[in-house]
**Q** 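Pasting a structure below so you can have a look.
Counting from 1, the numbers follow the sequence of the chain as shown.
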Amino acid sequence: MGSKARKVAIVGAGHVGASCAYSLVNQSVCDEIMLIDRTPDRAYAQALDLSHCMDFVHTRTKIYTGTYEQCGDMDIVILCAGGTPKHSINRLDVLDLAYEIHSSIIPRIMAGGFDGIFLAASNPVDLVTYMVWRMSGLPRGQVLGTGTSIDSSRLKTPLSEILPVDPRSVQGYVLGEHGDSQFPAWSHVTVGGKPILDILAQHPQRFAHLDLKEIALKTKDAGWEIYSRKGSTHYGIGNALASITRSILNDDHKIIAVSAILEGEYGQTGVCAGVPAIIGRQGMKEILELNLTPREKEQFDHSCSIIRGCIQRLALG
């Protein structure tokens, strides 16, 4: 019986990379995980620690360490290497460091013959996704980032508590930059299929305490609420990475808000931003274009202008 092992490499074995690997193992998403880190001992220790999970999970996942040049036969390379802002709460402040890191990583991965899918989680993720696309030369569908997938999840949490319903019964997306200029597309947020704006209009007294602007602000600042108290955010994004990876390997065609290269969608070209997209075995198969309100379109254009400005700055550098 012929079979092809599903192989995933994770670059960066810190909090995010390890949490991603842990989620992949517990959810039996792939057959093999190769960990790569600039500190080989850390990668080895994480692999050894994760290997001790095998007696307690449904299926065995082979975990080992490797190098960039060994990524040639990987289905997916997940990028978790990066830094965090030291003196601010703006993810864009680590842009130069991200460029330095990935300009040394991506050529080595491509030199090994890699032709799979890059999945970026490193911040600023929209810019990292764009630079990886340019550095790798791969089609845009094979390069995507976690984008606003985690922000969309963070949006559903307070809504589910206020309404109250299961978070999985809330549907909707945060769009644009995974950063300060992100925004929820309220015109497309539904609860059990019913638009939330209709719910608020029909029950003004019952949900008078539900402030959409406050929820949008809490969604945007959720990562910093965590980071300021424990120094990192990794469980949520680790699970988001596992979910996107599963959708790719299983060819799920699931719609997820990811960082995607835009080529005319939403009236934008030459930029990368968080938008809902169909995810399958070939990566990003198609971008779902929501019919945004004029205000939401204005917010999306503003967010893209910020991202584009950073892209132009990198090009000048």
Side-chain angles (χ1 to χ4, degrees), residues 19-20 22-24 26-29 121 146-227 229-230 233-247 250 252-260 273-280 287-293 295-297 299-300 303:
S19 295
C20 172
Y22 186 65
S23 293
L24 292 174
N26 277 298
Q27 296 176 33
S28 303
V29 172
T146 49
T148 50
S149 59
I150 185 66
D151 304 296
S152 298
S153 177
R154 289 168 176 168
L155 173 69
K156 297 173 186 179
T157 301
L159 288 175
S160 69
E161 293 170 351
I162 293 171
L163 289 171
V165 296
D166 189 302
R168 292 166 296 185
S169 295
V170 180
Q171 297 297 319
Y173 305 102
V174 173
L175 303 182
E177 175 199 7
H178 174 56
D180 290 346
S181 64
Q182 66 175 242
F183 66 97
W186 290 115
S187 64
H188 289 273
V189 175
T190 63
V191 182
K194 187 171 184 176
I196 191 168
L197 298 180
D198 288 355
I199 293 174
L200 298 183
Q202 292 175 10
H203 304 280
Q205 294 182 334
R206 180 180 176 186
F207 297 113
H209 60 298
L210 200 163
D211 187 330
L212 297 185
K213 289 184 178 179
E214 181 181 350
I215 289 177
L217 182 62
K218 286 184 176 180
T219 298
K220 176 178 72 70
D221 293 340
W224 300 112
E225 286 289 318
I226 301 168
Y227 177 78
R229 287 167 171 78
K230 71 169 191 173
T233 63
H234 45 95
Y235 295 128
I237 193 64
N239 235 20
L241 283 164
S243 178
I244 297 170
T245 299
R246 181 174 60 247
S247 294
N250 291 349
D252 281 344
H253 287 67
K254 185 176 181 179
I255 298 175
I256 305 173
V258 297
S259 293
V275 292
I278 301 173
I279 307 301
I287 292 173
L288 180 68
E289 290 193 72
L290 302 178
N291 185 20
L292 302 178
T293 66
R295 173 55 181 158
E296 290 168 347
K297 182 64 167 62
Q299 289 175 292
F300 188 78
S303 192

**Q** Quick one: which of Leu241, Thr146, Ile237 gives a side-chain contact (heavy atoms from CB on, under 4.5 Å) with Cys20?
**A**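 Answer to the side-chain contact (heavy atoms from CB on, under 4.5 Å) test with Cys20 among Leu241, Thr146, Ile237: Leu241.
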**Q** Could you tell me whether the side chain of Thr157 and the main chain of Ser153 form a donor-acceptor pair under 3.5 Å?
**A** yes
**Q** What distance separates Arg229 CZ from Trp224 CH2, expressed to the nearest 0.5 Å?
**A** 13.5 Å
**Q** Looking at every heavy atom in both Arg246 and Asp252, which two are closest together, and how far apart are they?
**A** O-OD2, 3.8 Å
**Q** With distance as the sole test, does Asp166 use its side chain to make a donor-acceptor pair with the main-chain N or O of Arg168 at under 3.5 Å?
**A** yes
**Q** Who pairs with Thr190 by side chain to side chain contact (heavy atoms under 4.5 Å, CB included), at least two apart in sequence or on another chain?
**A** Gln171
**Q** Go through the steps to decide whether Lys220 and Asp180 satisfy the test side chain to side chain contact (heavy atoms under 4.5 Å, CB included), and finish with yes or no.
**A** CA-CA 7 Å; Lys220 176 178 72 70; Asp180 290 346; 4.1 Å; yes
**Q** Could you grab the distance from atom CD of Glu161 to atom CD1 of Ile215, nearest 0.5 Å is fine?
**A** 10.0 Å
**Q** Mind checking the OG1-CD spacing from Thr148 to Gln182? Nearest 0.5 Å is all I need.
**A** 7.5 Å
**Q** Taking all atoms of both residues into account, what is the closest heavy-atom pair of Thr233 and Gly223, and its distance?
**A**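 Nearest pair, atom of Thr233 first, then Gly223: CG2-O, 3.3 Å.
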**Q** Would you compute the distance between atom NZ of Lys156 and atom CG of Leu163 and round it to the nearest 0.5 angstrom?
**A**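 The distance works out to 13.0 Å.
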**Q** Which atoms form the tightest heavy-atom contact between Lys297 and Leu292, and what is the distance?
**A** N-CB, 4.0 Å
**Q** Just wondering, do Leu175 and Pro276 contact through their side chains at under 4.5 Å, heavy atoms?
**A** yes
**Q** Using side-chain heavy atoms (C-beta onward) and a distance below 4.5 Å, is Pro184 in contact with Thr219?
**A** no
**Q** Quick one: does any side-chain atom of Ser152 pair with a main-chain N or O of Val174 as donor and acceptor, under 3.5 Å?
**A** yes
**Q** Ignoring hydrogens and angles, tell me if any N or O in the side chain of Ser303 forms a donor-acceptor pair with the backbone of Glu177 under 3.5 Å.
**A**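 The answer is yes, because a donor-acceptor pair under 3.5 Å joins these two groups.
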**Q** Test side chain to side chain contact (heavy atoms under 4.5 Å, CB included) on Leu212 and Leu197; report intermediate values, then the result.
**A** CA-CA 10 Å; Leu212 297 185; Leu197 298 180; 3.8 Å; yes
**Q** Please indicate whether Lys194 has more than 12 foreign heavy atoms, meaning atoms of other residues, nucleotides or ligands, lying under 6.0 Å from its NZ.
**A**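 Yes - once you tally the heavy atoms of other residues, nucleotides and ligands closer than 6.0 Å, there are more than 12.
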**Q** Could you go through the side chain to side chain contact (heavy atoms under 4.5 Å, CB included) check for Thr293 and Trp186 one step at a time?
**A** CA-CA 9 Å; Thr293 66; Trp186 290 115; over 6 Å; no
**Q** Test your reading of the model: is there a side-chain donor-acceptor pair from His178 to the backbone of Ser149, 3.5 Å cut-off?
**A**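 Such a contact is absent between His178 side chain and Ser149 backbone.
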**Q** Which distance, rounded to the nearest 0.5 Å, do you find between the CD1 of Ile287 and the CD1 of Ile278?
**A**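 Ile287 CD1 to Ile278 CD1: 10.0 Å, rounded to 0.5 Å.
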**Q** Shortest non-hydrogen contact from Leu159 to Leu155?
**A**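 Heavy-atom minimum between the residues: CG-O, 3.5 Å.
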**Q** Just wondering, do Ser243 and Lys254 contact through their side chains at under 4.5 Å, heavy atoms?
**A** yes
**Q** Begin with the C-alpha distance, continue with both residues' side-chain angles, and end with the deciding distance and a verdict on side chain to side chain contact (heavy atoms under 4.5 Å, CB included) for Phe183 and Phe300.
**A** CA-CA 8 Å; Phe183 66 97; Phe300 188 78; 3.8 Å; yes
**Q** Roughly how far, to the nearest 0.5 Å, is CD1 of Ile162 from CG of Leu210?
**A**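 Rounded to the nearest 0.5 Å, the CG-CD1 separation comes out at 4.0 Å.
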**Q** Compute whether any side-chain donor of one residue and acceptor of the other, for Ser23 and Asn239, lie under 3.5 angstrom apart.
**A**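 Yes - a donor-acceptor pair under 3.5 Å links their side chains.
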**Q** If you draw a 6.0 Å radius around OH in Tyr235, do more than 12 non-hydrogen atoms from other residues or ligands fall strictly inside?
**A** no
**Q** Kindly say whether Ser187 contributes a backbone atom to a donor-acceptor pair with the side chain of Glu296 at under 3.5 angstrom?
**A**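 Yes: the side chain of Glu296 pairs with the backbone of Ser187.
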